[in-house]
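Before any comments, here is the structure.
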Amino acid sequence: MKNYDFKAIEKKWQARWEKEKPFRAVDFHPTKPKFYVLYEFPNISGSLHMGHLKGTIPADALARYKRLNGFNVLFPIGGDSFGLPAENAATKTGINPRTFVENGAKTIFSQFKQLGLSFDWDRTFNTSDENFYKWTQWIFLQLFKNGKAYKKKGVVNFCPNCQTVLSNEDSQGGKCDRCGGDVRQEERWVWFLKMKEYSEKLLENVDRIQMAENLKEAQRNWIGKSEGMQVRFDVFNDKDEKIGKLEIFTTCIETIYGITFVVLAPENELVDTFKVHIKNFAEVEAYREKTALRSEFDRMSDQKEKTGCKLDGLYVVNPLNNQKAPLYLADFVLATYGTGAVMAVPSGDQRDYDFAKKFNIPIIPVMDGDISEHAIEKKEYLAKNLKMVNSAEFDGMPVREAKQKIAQKVVSMGVGERKVNYKMQDWSFNRQRFWGEPFPIVFCDHCGTVALDEKDLPLVLPETNDYMPNAKGDSPLSKVEDWVNCKCPKCGRPARRETDTMPNWAGSSWYWLRYVDPHNDNALADFEKLKYWGSVDVYTGGTEHITRHVLYSFFWQNFLYEIGAVPTKDPFIRKMGSGLILDDQGKKMSKSSKNGVSPLEVIDKYGVDVARLHVHFLGGYEDNTPWTFDGITGITAFLDKVWALSDMIKGEAVSKEHIYELNRLIKKVSEDYENLKLNTIISSFMIFIKKIRDDGFITKEELRQFLILLNPLAPHITSEEYENVFGKNILEDSWPKYEEKYLVEDEISLPIQINGKLAKVITVSRTITQDALLSEIERQYPEIYSKVKQVKKVIYVPGRIVNIIL
RNA sequence: GCCGAAGUGGCGGAAUGGCAGACGCACGGGACUCAAAAUCCCGCGAGGGCAACUUCAUGUGGGUUCGACUCCCACCUUCGGCACCA
């Protein structure tokens, strides 16, 4: 046979798949069970990169594997096209974002076709398509109507460089997730989605989904559930008049007798409530202004150096021991968590300890430990179960017991109750940008905030050529006057549209549902079709934004389930995060990295099938793997040998020489496809080929089965070779079955250990009895025989190992 | 600081508690060739021995077990996530 001309043959098969569409998913297939494989849709920004190669191929292999196993597979693709790349292109070069997206999508999808990916191209869309974002807006309307979306003036993360509000998620560490610049705290109008309400449901989702433990932990930490107590303190002025109450949240109720002060967040509105009683209000105001100007980043960068301001003229009383405690403001207390107020126990919390030292506040020990240098914190005192001191009737009690007893006392006194708190905040959902979904909301002087009617969706983005925010930082849409000015849908009087747009995350928080029924004009997807396709069985993609993306997805699907729009609570059954391809510096390979290699370059030089195999022979799917061309010749040589198999055909049925290897191959390869362990699949194929070449022949049936097994990974070469030999399309064939009985060898080599160390390997019958085995060892290895005489104990695991203890 | 994952030849990496280093690369030797490339065969963790063999080896130190890369405890290192969350 001729040499394998990868360029011509790959082109031939890709053209055929394009024309014949063999990878279309069939709604309501009468016989085949469904299987939904999802690859996280790409951001429409640039060209194909190594991350795509690493991420798409396993999903494609799984989809192809499942099809050959008789499943009706849904394996769709689309474009995440709203967001920064198009917006940046618009502001920098003036190109229309819509044009940018059209070109970008064309490029990336044609490159995906070059990878031989078996997507169902009839279901493709971009999130910026009107008939897609119509339904994103529809979902927002439902959230709004059900009270899950609200607009509020709030202190938010604002990126001066990007001129937009960011969610907490987008501004971690005080840095803008997009541009990397410092984030400021600013007061603005913000749309929030009530995600916090869903904390418990999201935790259940996290428990149910099959996902790597580190990713699950990251999500649990993000939600940040913590169980403690909320306790009420009476507040007094300097005339000892009771003027109100404040509540604190604590997870360390056992330290309550050690309170020497109470701290409010600077933003806490109680400061305004008690304003008239505060003697140094000017000073207090100055402190509040100072902290408001500091970015989150500044606040964190000098964690050690506590700042604060006393509220002169106010004090609180500890309800358990009636001790007075002064009140402070300090920015180490966050307004957004708990009640925005804490009881400070310097002996049991290092932050309180540092603050007390700086402001000369007394430190009262509540446990029998040394606090001369630093506080004894919860982790330590619970581990050591220290005894209580200075805690009234609880003195001498071990702290773990006191924790329960004090909690009971607080409850029975009626001054507090058990309470659960979450770190996760409501999702800030608006951006001052052009290239996003417009909110289907208008503001009417008469009717207030009014939702558009569903029949008026989509609310289409207007055309403009000015993509910059105005001087006040309002969205570019605010400049499009004839779009902004409209009629109130309720009363018909003049009104103005919401000019902010939704964040990039909006479309990606529900897009998998749309693939099920992408052309539906009456619903986000037909309910029966949603029922048929159910949850995504396997969802692959990068790990970069996985925590947020998965939590947002859980949130929306939970909500849609509650309003009866979808039949399932879980968006995904199993989520796998692909590792990175690293450059030779050990850094993520990207366009900006010096040593970046494009997959197109590899394809051009070696062919797609080689590229597909090589990337995954380098390492596991979830591992980060350094890229190298080293070893690619091994893959090329392997595929050459696969191609040469058709010259070695001798005989028809499976031969007795190969029956064991073939059955073992089927078993191993099948298991590894299920688990996306592509690297060990490839090595199994290599071992099998070695055996075939040693024997000098392969039968026709063996070749047929081999090509099917390899097809999901190397679809082009196997399709061509199969057609050459069998005159049919390999896709019409089905997955080979193995039989257990062929996997059992009669003769096995059994390791013999002496005192747990390997001594010999003996070839015996698989089912040999212990006595027969021992006499066989005596016969074959007399040097061990003498030892056998002093044998103490024999551990014999039939078929596995024998260990002789002397 | 907290949470999580991982540490195995020159390299990428394999190993349901049961023959550590599969498979591939690189390297060494040989065959073919005028020669080279390609291809094929053999070898390839380290130390010792002419050899059959033998000792030591999965980050470090302990432990459980007949038997540990695998399980437990402590520590070191790397990577990832979170970070004043009371």
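Reminder, nothing fancy here: chain letters follow the sequence lines and each chain counts from 1.
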| request: Measure from CG on A:Leu264 to P on B:A86 and round the result to the nearest Å. | output: 18 Å
| query | Between A:Gly634 and A:Met343, who's closer to the 5' end of RNA chain B by nearest nucleotide? | reply | A:Gly634
| Under-3.5 Å donor-acceptor pair between A:Lys379 side chain and B:C2 base | no
| query | Taking atom types as modelled, is there a side-chain donor on A:Tyr422 or A:Glu200 under 3.5 Å from an acceptor on the other? | reply | yes
| For atom CG of A:Leu678 and atom C1' of B:A14, their distance in whole Å | 15 Å
| field | Minimum-distance nucleotide (side-chain atoms of A:Lys677 versus B:C3, B:A15, B:A86) | value | B:A15
| query | Among B:C23, B:G18, B:G13, which nucleotide sits nearest the side chain of A:Ile801? | reply | B:G18
| field | Rounded interatomic separation in angstrom, taking CG from A:Asn221 and P from B:C2 | value | 13 Å
Could you go through nucleotides 66-75 of chain B and list every protein N or O atom that sits under 3.5 Å from one of its N or O atoms, giving the distance for each pair?
from, atom 1, to, atom 2, distance (Å)
B:C66, O2', A:Asn803, ND2, 3.2
B:C66, O2, A:Asn803, ND2, 2.4

| Which listed nucleotide (B:A86, B:C3, B:G12) is nearest to the side chain of A:Pro626? | B:G12
| message | Once you apply a heavy-atom cut-off of 4.0 Å, does A:Asp352 come out as touching a base, just sugar-phosphate, or nothing? | response | nothing
| When rounded to the nearest 0.5 angstrom, what distance separates CD1 in A:Ile752 from NZ in A:Lys760? | 8.5 Å
| said: Categorize A:Lys378 for me: base, sugar-phosphate, or nothing, with a 4.0 angstrom heavy-atom threshold over every strand shown. | reply: nothing
| said: Measuring centre to centre across the rings, with the benzene-like ring taken for any Trp, is A:Phe706 within less than 6.0 Å of A:Phe685? | reply: yes
| request: Report the nucleotide, chosen from B:G13, B:A86, B:G24, that has the shortest atom-to-atom distance to any side-chain atom of A:Thr251. | output: B:A86
| query | If anything within 90° of 0 is syn and all else is anti, what is B:G4? | reply | anti
| field | Spacing of A:Asp349 atom CG relative to B:A86 atom C1', expressed in whole Å | value | 6 Å
| field | Atom-to-atom span, NZ of A:Lys668 to P of B:A14 - whole angstrom | value | 10 Å
| said: Distance check needed: B:C40 P versus A:Ile692 CD1, whole Å only. | reply: 16 Å
| said: What contact category does A:Lys757 fall into here, base, sugar-phosphate, or nothing, at under 4.0 angstrom with non-hydrogen atoms? | reply: sugar-phosphate
| Does B:G7 have a Watson-Crick or wobble mate here (both distances under 3.5 Å), and if so which one? | B:C76
| said: Without decimals, in angstroms, what is the distance between A:Glu217 CD and B:G80 P? | reply: 19 Å
| task | Please figure out whether A:Thr339 or A:Asn214 has its closest RNA chain B nucleotide nearer the 5' end. | result | A:Asn214
| request: In whole angstrom, give the distance that lies between atom CG of A:Asn675 and atom P of B:A14. | output: 13 Å
